[in-house]
Amino acid sequence: MCGIVGYVGYRDAYPILIKGLKRLEYRGYDSAGIALLHGSVSVYKKAGKVADLEKRVAGENLTATIGIGHTRWATHGEPNDRNAHPHVSQSGNLSIIHNGIIENYASIKALLQKRGYIFHSDTDTEVLVNLIEEVKKTENTTMK
């Protein structure tokens with residue numbers, strides 16, 4: 001079962017996110033990942049356990065006060081690094097995680113591909129983040 005943790009504050013987000021993900025491990029999962037916002041979005045994800053994610057980020061600049069984390073139980077796409085959450089929009093400006101299933105993701109994906117979107121995973125979540133980006137662009141929203 002998937003789990004989500006997030007942090008917005010004045011403290012360093014990474015240790016808080018990792019601690020939260022470790023607390024969710026009892027739920028069962030196949031991959032883990034985090035997104036940190038520090039000027040731009042940096043995403044780190046890894047198939048396997050939270051400890052594998054910790055090894056993956058060793059030596060990275062993880063300084064940020066805003067972040068999200070996710071443990072995933074595969075529904076769309078096999079358990080691997082590229083299907084792990086979080087996912088980033090094509091522009092790199094948006095990053096999301098989500099629990100659940102988007103039943104009509106294939107038709108939405110086909111529409112977005114016709115509009116030039118390129119997908120890097122087999123997940124419905126990557127479709128969702130790009131759909132949000134497309135709506136934001138076509139509706140000319142000013143929300144950041």
Side-chain angles (χ1 to χ4, degrees), residues 1-113 117-139 141-144:
M1 184 181 294
C2 302
I4 294 175
V5 62
Y7 178 77
V8 176
Y10 61 91
R11 297 185 349 207
D12 192 19
Y14 173 74
I16 295 166
L17 296 173
I18 289 296
K19 185 176 183 179
L21 291 177
K22 286 180 177 180
R23 287 182 174 173
L24 293 170
E25 285 186 305
Y26 74 95
R27 297 165 60 101
Y29 64 102
D30 56 53
S31 59
I34 58 170
L36 299 169
L37 179 63
H38 48 100
S40 62
V41 177
S42 296
V43 173
Y44 308 95
K45 50 193 186 172
K46 188 74 180 148
K49 300 298 180 189
V50 174
D52 297 320
L53 175 63
E54 288 180 291
K55 289 175 191 170
R56 158 65 185 88
V57 301
E60 298 283 352
N61 176 8
L62 303 171
T63 305
T65 58
I66 299 172
I68 55 176
H70 190 265
T71 54
R72 173 181 185 254
W73 191 260
T75 54
H76 291 105
E78 65 184 61
N80 58 32
D81 291 353
R82 70 185 192 102
N83 287 332
H85 293 205
H87 288 283
V88 180
S89 65
Q90 187 159 294
S91 71
N93 293 328
L94 302 172
S95 180
I96 67 167
I97 52 183
H98 107 279
N99 290 348
I101 298 172
I102 301 169
E103 296 290 344
N104 63 337
Y105 85 101
S107 60
I108 297 168
K109 183 176 183 176
L111 173 75
L112 291 172
Q113 286 173 318
Y117 285 83
I118 298 167
F119 292 88
H120 306 282
S121 78
D122 303 312
T123 68
D124 54 350
T125 303
E126 187 184 15
V127 173
L128 178 59
V129 73
N130 282 301
L131 176 62
I132 293 168
E133 180 169 273
E134 179 67 9
V135 169
K136 186 176 182 236
K137 183 171 60 175
T138 59
E139 297 298 319
T141 64
T142 58
M143 182 180 73
K144 298 201 180 216

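Nothing here was measured: the structure is a model prediction, and the numbers come from that model.
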Which atoms form the tightest heavy-atom contact between [X] and [Y], and what is the distance?
X: Leu37; Y: Ala64; answer: O-CB, 3.5 Å
X: Ile97; Y: Gly69; answer: CD1-O, 3.1 Å
X: Gly20; Y: Val5; answer: CA-CG2, 4.1 Å
X: Thr123; Y: Asn83; answer: CG2-O, 3.5 Å
X: Tyr44; Y: Val57; answer: CB-CG1, 3.5 Å
X: Ser31; Y: Ala84; answer: OG-CB, 3.5 Å

Supply the atom-to-atom distance [X] [atom1] to [Y] [atom2], rounded to the nearest 0.5 angstrom.
X: Ser121; Y: Lys45; atom1: OG; atom2: NZ; result: 6.5 Å
X: Thr65; Y: Asp12; atom1: OG1; atom2: CG; result: 8.5 Å
X: Leu62; Y: Ile18; atom1: CG; atom2: CD1; result: 8.5 Å
X: Lys136; Y: Ile132; atom1: NZ; atom2: CD1; result: 10.5 Å
X: Lys46; Y: Leu53; atom1: NZ; atom2: CG; result: 9.5 Å
X: Asp124; Y: Glu103; atom1: CG; atom2: CD; result: 9.0 Å

Ionic contact status for Asp81 with Arg56, cut-off 4.0 Å: no

One thing to verify: whether Glu134 and Lys137 come together as a salt bridge, which I'm taking to mean a side-chain N less than 4.0 angstrom from a carboxylate O. yes

Should [X] and [Y] count as side-chain neighbours, where that means a heavy-atom distance under 4.5 Å?
X: Gln90; Y: Glu126; answer: no
X: Arg11; Y: Ile16; answer: yes
X: Tyr14; Y: Glu60; answer: no
X: Ile118; Y: Gln113; answer: no
X: Leu36; Y: Val41; answer: no
X: Ile102; Y: Val127; answer: no
X: Leu17; Y: Ile68; answer: no
X: Glu25; Y: Val50; answer: yes

So, [X] side chain and [Y] main chain: donor-acceptor pair closer than 3.5 Å or not?
X: Ser89; Y: Val129; value: no
X: Asn104; Y: Ser107; value: no
X: Thr71; Y: Gly3; value: yes

Passing option when His70 is tested against Thr125, Leu24, Ile4 for side chain to side chain contact (heavy atoms under 4.5 Å, CB included): Ile4

Six-ring centre of Tyr29, Lys49 cation under 6.0 angstrom, axis tolerance 45°: yes

Do the side-chain N and O atoms of Ser91 and Glu133 include a donor-acceptor pair separated by under 3.5 angstrom? yes

Will you find, in the side chains of His87 and Asn130, an N or O donor that is under 3.5 Å from an N or O acceptor? no

Quick one: do Leu94 and Val88 satisfy side chain to side chain contact (heavy atoms under 4.5 Å, CB included)? Show the steps, please. CA-CA 6 Å; Leu94 302 172; Val88 180; over 6 Å; no

Residues that Tyr7 engages under ring pair (Phe, Tyr, Trp, His ring centres under 6.0 Å), provided they are two or more places apart: none

